[in-house]
Amino acid sequence: MTSVLAVGSMALDSVETPFGKRDDVLGGSAAYFATAASFLTETRLVAVVGADYPEEALNFLRDRGVKVEGVTRAAGPTFRWRGRYGFDLNDAKTLETQLNVFANFEPVLPKSYLDSEILFLGNIHPQLQSRVLKQATHARLIAADTMNLWISTERAALLNTLKGVHLLFVNDGEARQLSGEHHIVKAARAIQSMGPHTVVIKRGEYGAMLFQGDHVFAAPAFPLPALFDPTGAGDSFAGGFLGRLARADAKSRLDARTLRQAVALGGVMASFTCEAFSFDRLRTLTRQELAHRYGELQRLTVFEDLPSELLTDSAQKASA
Ligand code: AMP
(Lines give C-alpha, C1' and ligand atoms only; values in the text may rest on other atoms or scores of the structure.)
Protein backbone atom coordinates (compact mmCIF):
# COMPACT_ATOMS: atom_id res chain seq x y z
CA MET A 1 0.00 0.00 0.00
CA THR A 2 1.44 3.38 -0.98
CA SER A 3 1.52 5.89 1.84
CA VAL A 4 0.82 9.60 1.46
CA LEU A 5 3.04 12.29 2.91
CA ALA A 6 1.11 15.39 3.98
CA VAL A 7 2.23 18.78 5.21
CA GLY A 8 -0.14 21.43 6.44
CA SER A 9 -1.63 23.11 9.45
CA MET A 10 -2.77 21.59 12.73
CA ALA A 11 -5.04 24.05 14.39
CA LEU A 12 -7.45 24.95 17.09
CA ASP A 13 -10.42 26.46 15.28
CA SER A 14 -13.26 28.66 16.48
CA VAL A 15 -16.12 28.31 14.08
CA GLU A 16 -19.52 29.92 13.74
CA THR A 17 -22.15 28.64 11.32
CA PRO A 18 -25.89 29.38 11.18
CA PHE A 19 -26.31 26.12 13.10
CA GLY A 20 -24.02 26.72 16.07
CA LYS A 21 -20.68 27.84 17.38
CA ARG A 22 -17.60 26.02 18.74
CA ASP A 23 -14.41 27.44 20.27
CA ASP A 24 -10.90 25.97 20.14
CA VAL A 25 -11.92 22.73 18.50
CA LEU A 26 -9.54 20.54 16.52
CA GLY A 27 -8.90 21.70 12.97
CA GLY A 28 -6.18 22.37 10.45
CA SER A 29 -5.65 21.30 6.86
CA ALA A 30 -3.19 18.51 7.63
CA ALA A 31 -5.28 17.05 10.44
CA TYR A 32 -8.45 16.88 8.30
CA PHE A 33 -6.51 15.50 5.36
CA ALA A 34 -4.78 12.79 7.40
CA THR A 35 -7.95 11.70 9.17
CA ALA A 36 -9.79 11.32 5.87
CA ALA A 37 -6.91 9.57 4.09
CA SER A 38 -6.46 7.21 7.05
CA PHE A 39 -9.65 5.37 6.01
CA LEU A 40 -7.74 4.21 2.93
CA THR A 41 -4.01 4.30 3.46
CA GLU A 42 -1.13 5.26 5.75
CA THR A 43 -0.54 9.00 6.03
CA ARG A 44 2.69 10.54 7.24
CA LEU A 45 2.22 13.98 8.73
CA VAL A 46 4.56 16.95 8.87
CA ALA A 47 3.22 19.82 10.96
CA VAL A 48 3.76 21.83 14.11
CA VAL A 49 1.58 22.04 17.22
CA GLY A 50 1.96 24.17 20.32
CA ALA A 51 2.24 23.25 23.98
CA ASP A 52 -1.55 23.52 24.34
CA TYR A 53 -2.41 21.03 21.60
CA PRO A 54 -4.23 18.10 23.22
CA GLU A 55 -2.28 14.84 23.35
CA GLU A 56 -5.64 13.13 22.90
CA ALA A 57 -5.82 14.53 19.36
CA LEU A 58 -2.38 13.12 18.49
CA ASN A 59 -3.45 9.77 19.97
CA PHE A 60 -6.60 9.91 17.83
CA LEU A 61 -4.41 10.25 14.73
CA ARG A 62 -2.00 7.54 15.91
CA ASP A 63 -4.92 5.18 16.55
CA ARG A 64 -6.03 5.77 12.97
CA GLY A 65 -2.58 4.64 11.79
CA VAL A 66 -1.37 8.15 10.94
CA LYS A 67 2.39 8.58 11.38
CA VAL A 68 3.14 11.64 13.50
CA GLU A 69 6.93 11.42 13.76
CA GLY A 70 7.09 14.59 11.64
CA VAL A 71 4.79 16.54 13.94
CA THR A 72 6.85 18.83 16.18
CA ARG A 73 5.58 20.18 19.46
CA ALA A 74 6.96 23.70 19.87
CA ALA A 75 6.87 26.04 22.87
CA GLY A 76 4.00 28.50 22.57
CA PRO A 77 0.35 28.31 21.54
CA THR A 78 -0.99 26.28 18.61
CA PHE A 79 -2.02 27.97 15.33
CA ARG A 80 -5.57 29.32 15.63
CA TRP A 81 -8.13 30.10 12.97
CA ARG A 82 -11.47 31.77 13.60
CA GLY A 83 -14.06 31.75 10.86
CA ARG A 84 -17.69 32.31 10.16
CA TYR A 85 -20.07 30.90 7.55
CA GLY A 86 -23.36 32.45 6.52
CA PHE A 87 -26.16 30.48 4.94
CA ASP A 88 -23.95 30.22 1.88
CA LEU A 89 -21.78 27.57 3.45
CA ASN A 90 -19.49 27.55 0.43
CA ASP A 91 -17.97 30.80 1.58
CA ALA A 92 -15.81 30.91 4.75
CA LYS A 93 -15.08 34.33 6.18
CA THR A 94 -11.80 34.41 8.10
CA LEU A 95 -12.27 36.55 11.22
CA GLU A 96 -8.88 35.98 12.77
CA THR A 97 -5.69 34.01 12.19
CA GLN A 98 -3.11 33.62 14.96
CA LEU A 99 0.02 32.05 13.54
CA ASN A 100 1.61 31.35 16.94
CA VAL A 101 4.01 28.37 16.62
CA PHE A 102 3.31 28.32 12.89
CA ALA A 103 5.24 31.59 12.46
CA ASN A 104 8.58 29.77 12.86
CA PHE A 105 7.56 26.48 11.28
CA GLU A 106 10.35 24.95 9.22
CA PRO A 107 9.11 21.63 7.86
CA VAL A 108 11.72 18.88 7.98
CA LEU A 109 10.88 15.45 6.62
CA PRO A 110 12.00 12.61 8.89
CA LYS A 111 14.17 9.98 7.12
CA SER A 112 11.39 7.43 7.52
CA TYR A 113 9.15 9.55 5.28
CA LEU A 114 11.58 10.01 2.42
CA ASP A 115 10.38 7.08 0.31
CA SER A 116 6.84 8.55 0.07
CA GLU A 117 5.56 8.46 -3.51
CA ILE A 118 2.54 10.70 -3.05
CA LEU A 119 2.88 14.15 -1.52
CA PHE A 120 0.08 16.45 -0.40
CA LEU A 121 1.07 20.07 0.14
CA GLY A 122 -1.77 21.27 2.34
CA ASN A 123 -2.78 24.86 2.72
CA ILE A 124 0.30 26.65 4.12
CA HIS A 125 2.56 29.46 2.89
CA PRO A 126 3.61 28.56 -0.68
CA GLN A 127 7.29 29.01 0.18
CA LEU A 128 6.96 26.34 2.86
CA GLN A 129 5.21 24.13 0.31
CA SER A 130 8.19 24.59 -2.03
CA ARG A 131 10.65 23.70 0.70
CA VAL A 132 8.82 20.45 1.40
CA LEU A 133 8.68 19.70 -2.31
CA LYS A 134 12.47 19.98 -2.54
CA GLN A 135 12.95 17.47 0.29
CA ALA A 136 10.44 14.93 -1.01
CA THR A 137 12.80 13.52 -3.59
CA HIS A 138 10.88 10.26 -4.10
CA ALA A 139 7.49 11.87 -4.65
CA ARG A 140 6.07 10.88 -8.03
CA LEU A 141 2.69 12.52 -7.60
CA ILE A 142 2.64 15.99 -6.07
CA ALA A 143 -0.73 17.42 -5.11
CA ALA A 144 -1.41 20.77 -3.50
CA ASP A 145 -4.11 22.93 -2.01
CA THR A 146 -4.06 26.67 -1.39
CA MET A 147 -6.39 29.47 -0.32
CA ASN A 148 -7.50 33.02 -1.19
CA LEU A 149 -5.00 34.51 1.29
CA TRP A 150 -1.95 33.14 -0.56
CA ILE A 151 -3.41 33.85 -4.00
CA SER A 152 -3.75 37.52 -3.10
CA THR A 153 -0.69 38.06 -0.88
CA GLU A 154 1.92 35.55 -2.13
CA ARG A 155 1.06 35.15 -5.77
CA ALA A 156 4.65 34.97 -7.10
CA ALA A 157 5.64 32.32 -4.54
CA LEU A 158 2.47 30.36 -5.27
CA LEU A 159 3.06 30.43 -9.04
CA ASN A 160 6.57 29.16 -8.39
CA THR A 161 5.25 26.27 -6.26
CA LEU A 162 2.65 25.42 -8.90
CA LYS A 163 5.36 24.80 -11.49
CA GLY A 164 6.28 21.65 -9.53
CA VAL A 165 2.72 20.52 -8.78
CA HIS A 166 0.90 17.81 -10.77
CA LEU A 167 -2.54 18.09 -9.20
CA LEU A 168 -4.15 21.16 -7.66
CA PHE A 169 -7.26 21.24 -5.47
CA VAL A 170 -9.05 24.61 -5.38
CA ASN A 171 -12.59 25.78 -4.80
CA ASP A 172 -14.36 27.76 -7.51
CA GLY A 173 -13.68 31.15 -5.91
CA GLU A 174 -9.98 30.36 -5.65
CA ALA A 175 -9.89 29.06 -9.23
CA ARG A 176 -11.35 32.35 -10.48
CA GLN A 177 -9.04 34.45 -8.31
CA LEU A 178 -5.93 32.51 -9.35
CA SER A 179 -6.73 32.46 -13.08
CA GLY A 180 -8.49 35.80 -13.51
CA GLU A 181 -11.16 33.88 -15.49
CA HIS A 182 -14.76 33.82 -14.33
CA HIS A 183 -15.85 30.92 -16.50
CA ILE A 184 -14.90 27.80 -14.58
CA VAL A 185 -13.71 25.75 -17.57
CA LYS A 186 -11.50 28.61 -18.75
CA ALA A 187 -10.24 29.02 -15.17
CA ALA A 188 -9.26 25.33 -15.03
CA ARG A 189 -7.48 25.52 -18.38
CA ALA A 190 -5.58 28.62 -17.28
CA ILE A 191 -4.46 26.88 -14.07
CA GLN A 192 -3.33 23.86 -16.10
CA SER A 193 -1.03 26.19 -18.02
CA MET A 194 0.60 27.22 -14.71
CA GLY A 195 1.93 23.68 -14.08
CA PRO A 196 -0.62 21.18 -12.75
CA HIS A 197 -1.80 18.72 -15.43
CA THR A 198 -4.81 17.91 -13.28
CA VAL A 199 -7.05 20.46 -11.58
CA VAL A 200 -9.88 19.59 -9.22
CA ILE A 201 -12.37 22.39 -8.63
CA LYS A 202 -14.54 21.94 -5.54
CA ARG A 203 -17.91 23.63 -5.78
CA GLY A 204 -19.33 22.99 -2.32
CA GLU A 205 -22.94 21.87 -2.44
CA TYR A 206 -22.73 21.74 -6.25
CA GLY A 207 -20.09 19.02 -6.31
CA ALA A 208 -16.68 18.91 -7.94
CA MET A 209 -15.14 19.01 -11.40
CA LEU A 210 -11.95 17.38 -12.56
CA PHE A 211 -9.86 18.55 -15.50
CA GLN A 212 -7.04 16.33 -16.70
CA GLY A 213 -5.59 17.22 -20.07
CA ASP A 214 -8.73 17.44 -22.20
CA HIS A 215 -10.71 15.06 -20.00
CA VAL A 216 -13.46 16.63 -17.88
CA PHE A 217 -15.47 14.88 -15.19
CA ALA A 218 -18.13 16.29 -12.87
CA ALA A 219 -19.79 14.73 -9.84
CA PRO A 220 -22.57 16.23 -7.75
CA ALA A 221 -22.23 16.62 -4.01
CA PHE A 222 -24.09 14.12 -1.88
CA PRO A 223 -27.38 15.85 -0.97
CA LEU A 224 -27.12 15.88 2.80
CA PRO A 225 -30.40 16.28 4.69
CA ALA A 226 -28.64 18.53 7.24
CA LEU A 227 -25.26 20.20 7.34
CA PHE A 228 -23.57 21.78 10.38
CA ASP A 229 -20.03 22.86 9.63
CA PRO A 230 -18.20 22.79 6.28
CA THR A 231 -14.78 23.45 7.86
CA GLY A 232 -12.34 20.83 6.67
CA ALA A 233 -14.54 19.68 3.80
CA GLY A 234 -11.87 20.65 1.26
CA ASP A 235 -9.10 18.80 3.08
CA SER A 236 -11.30 15.77 3.70
CA PHE A 237 -12.07 15.76 -0.02
CA ALA A 238 -8.34 15.79 -0.79
CA GLY A 239 -7.73 13.01 1.79
CA GLY A 240 -10.38 10.75 0.28
CA PHE A 241 -9.22 11.59 -3.24
CA LEU A 242 -5.51 10.91 -2.69
CA GLY A 243 -6.32 7.92 -0.47
CA ARG A 244 -8.05 6.35 -3.47
CA LEU A 245 -5.09 7.15 -5.72
CA ALA A 246 -2.70 5.64 -3.19
CA ARG A 247 -4.56 2.33 -3.44
CA ALA A 248 -4.10 2.16 -7.21
CA ASP A 249 -0.85 0.86 -8.65
CA ALA A 250 1.48 3.52 -9.98
CA LYS A 251 0.57 2.71 -13.59
CA SER A 252 -3.19 3.24 -13.24
CA ARG A 253 -3.09 5.96 -10.59
CA LEU A 254 -3.96 8.73 -13.02
CA ASP A 255 -6.32 6.73 -15.24
CA ALA A 256 -9.65 8.45 -15.89
CA ARG A 257 -11.41 5.57 -14.10
CA THR A 258 -9.37 5.91 -10.90
CA LEU A 259 -9.67 9.70 -10.97
CA ARG A 260 -13.46 9.56 -11.32
CA GLN A 261 -13.68 7.21 -8.33
CA ALA A 262 -11.39 9.57 -6.42
CA VAL A 263 -13.64 12.57 -7.12
CA ALA A 264 -16.68 10.64 -5.91
CA LEU A 265 -14.97 9.26 -2.81
CA GLY A 266 -13.51 12.66 -1.96
CA GLY A 267 -16.98 14.16 -2.14
CA VAL A 268 -18.45 11.42 0.03
CA MET A 269 -15.72 11.93 2.64
CA ALA A 270 -16.31 15.70 2.65
CA SER A 271 -20.05 15.17 3.12
CA PHE A 272 -19.43 13.30 6.37
CA THR A 273 -17.14 16.05 7.67
CA CYS A 274 -19.94 18.59 7.12
CA GLU A 275 -22.41 16.60 9.21
CA ALA A 276 -20.94 17.81 12.52
CA PHE A 277 -18.49 20.36 13.93
CA SER A 278 -14.75 19.75 13.80
CA PHE A 279 -13.82 16.02 13.60
CA ASP A 280 -16.90 14.86 15.46
CA ARG A 281 -18.41 12.89 12.59
CA LEU A 282 -15.09 11.50 11.35
CA ARG A 283 -14.46 10.02 14.80
CA THR A 284 -17.38 7.63 14.47
CA LEU A 285 -17.33 7.15 10.69
CA THR A 286 -16.86 3.59 9.45
CA ARG A 287 -15.69 2.18 6.11
CA GLN A 288 -19.11 0.56 5.73
CA GLU A 289 -20.77 3.98 5.94
CA LEU A 290 -18.36 5.33 3.34
CA ALA A 291 -19.05 2.42 1.02
CA HIS A 292 -22.80 2.79 1.48
CA ARG A 293 -22.84 6.51 0.70
CA TYR A 294 -20.51 5.99 -2.26
CA GLY A 295 -23.13 3.60 -3.65
CA GLU A 296 -25.91 6.09 -2.97
CA LEU A 297 -24.02 8.81 -4.83
CA GLN A 298 -23.39 6.43 -7.70
CA ARG A 299 -27.09 5.59 -7.99
CA LEU A 300 -27.99 9.25 -7.76
CA THR A 301 -26.01 10.05 -10.88
CA VAL A 302 -26.95 7.14 -13.13
CA PHE A 303 -29.31 7.87 -15.97
CA GLU A 304 -30.31 5.54 -18.76
CA ASP A 305 -29.95 5.88 -22.54
CA LEU A 306 -32.83 7.66 -24.26
CA PRO A 307 -35.16 5.38 -26.24
CA SER A 308 -33.41 5.18 -29.61
CA GLU A 309 -36.34 6.70 -31.55
CA LEU A 310 -36.83 9.70 -29.23
CA LEU A 311 -34.59 12.26 -30.89
CA THR A 312 -34.26 10.87 -34.38
CA ASP A 313 -35.65 12.70 -37.41
CA SER A 314 -38.01 9.83 -38.25
CA ALA A 315 -39.52 9.99 -34.74
CA GLN A 316 -40.18 13.70 -35.19
CA LYS A 317 -41.92 13.09 -38.50
CA ALA A 318 -44.05 10.30 -37.01
CA SER A 319 -45.27 12.48 -34.14
CA ALA A 320 -46.03 15.44 -36.46
P1 AMP B 1 -10.96 23.69 4.47
O2 AMP B 1 -10.80 22.22 4.23
O3 AMP B 1 -10.59 24.48 3.27
O4 AMP B 1 -12.28 24.03 5.08
O5 AMP B 1 -9.82 24.07 5.56
C6 AMP B 1 -10.13 24.34 6.88
C7 AMP B 1 -8.91 24.41 7.76
O8 AMP B 1 -7.94 25.32 7.23
C9 AMP B 1 -9.27 24.96 9.14
O10 AMP B 1 -9.33 23.87 10.05
C11 AMP B 1 -8.17 25.95 9.47
O12 AMP B 1 -7.52 25.66 10.68
C13 AMP B 1 -7.19 25.86 8.31
N14 AMP B 1 -6.68 27.19 7.91
C15 AMP B 1 -7.38 28.34 7.76
N16 AMP B 1 -6.55 29.36 7.41
C17 AMP B 1 -5.31 28.84 7.32
C18 AMP B 1 -4.01 29.38 7.00
N19 AMP B 1 -3.83 30.67 6.71
N20 AMP B 1 -2.95 28.54 7.00
C21 AMP B 1 -3.12 27.23 7.28
N22 AMP B 1 -4.29 26.66 7.61
C23 AMP B 1 -5.38 27.45 7.63
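Just follow the structure's listing: the first ligand is 1, and inside any ligand the first atom is 1. Remember, predicted model here, so these are calculated numbers, not experimental data.
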Give the single entry among Phe102, Phe279, Phe79 that approaches atom 18 (C) of ligand 1 most closely by any heavy atom. Phe79
Would you please say whether a donor-acceptor pair under 3.5 Å links the side chains of Ser271 and Arg293? yes
I need the nearest protein heavy-atom contact for atom 22 (N) of ligand 1: residue, atom name and distance, please. Ser9 OG, 2.8 Å
Is the number of heavy atoms from other residues, nucleotides or ligands within 6.0 Å of CG (Asp63) greater than 12? yes
Cation-aromatic face contact Arg80/Phe102, 6.0 Å, 45 degrees: no
Atom 12 (O) of ligand 1: the protein heavy-atom neighbour that sits closest, reported with distance to 0.1 Å: Asp13 OD1, 2.7 Å
Which residue owns the protein heavy atom closest to atom 8 (O) of ligand 1, what's the atom, and how far is it? Ser29 N, 4.2 Å
What atoms of ligand 1 come within less than 4.0 Å of a heavy atom belonging to Thr231? 4 (O), 6 (C), 9 (C), 10 (O)
Is it true that Asp52 and Thr78 share a donor-acceptor pair across their side chains at a distance under 3.5 Å? yes
Short side-chain donor-acceptor distance under 3.5 Å, Ser130 and Thr161: yes
Quick check on contacts: which atoms of ligand 1 are under 4.0 angstrom from a heavy atom of Met147? 16 (N), 17 (C), 18 (C), 19 (N)
Provide the closest heavy-atom pair for Cys274 versus Leu224 in the form atom of the first, atom of the second, distance. CB-CD1, 4.0 Å
Taking heavy atoms and a distance under 4.0 Å, where does Asn171 meet ligand 1: side chain, backbone, both or neither? neither
Which atoms from ligand 1 have a heavy atom of Leu149 less than 4.0 Å away? 19 (N)
Which distance, rounded to the nearest 0.5 Å, do you find between the CZ of Arg44 and the NZ of Lys67? 8.5 Å
Protein heavy atom at shortest distance from atom 2 (O) of ligand 1: Asp235 OD2, 2.6 Å
Per-residue contact class, Ala31 against ligand 1 - non-hydrogen pairs under 4.0 Å: neither
Gly27 neighbourhood, listing ligand 1 atoms whose heavy-atom distance to it stays under 4.0 Å: 10 (O)
So, Tyr85 versus Thr231: side-chain donor-acceptor pair below 3.5 Å or not? yes
Ala51 to Arg73 - nearest heavy-atom pair and separation: O-NH1, 3.4 Å
Residue and atom name of the nearest protein heavy atom (relative to atom 15 (C) of ligand 1), distance in Å to one decimal: Trp81 CD1, 3.4 Å
Students should be able to answer this: which protein heavy-atom is nearest to atom 21 (C) of ligand 1, and at what distance? Asn123 O, 3.0 Å
Begin with the C-alpha distance, continue with both residues' side-chain angles, and end with the deciding distance and a verdict on ring pair (Phe, Tyr, Trp, His ring centres under 6.0 Å) for Phe79 and Phe105. CA-CA 11 Å; Phe79 169 73; Phe105 177 44; over 10 Å; no
With only distance considered, is Gly234 within less than 3.5 Å of ligand 1 through an N or O on each side? yes
Using heavy-atom distances, let me know which of Gly122, Ala238, Gly232, Ala270 sits nearest atom 4 (O) of ligand 1. Gly232
Close-contact set for ligand 1 against Ala11 heavy atoms, below 4.0 Å: 12 (O)
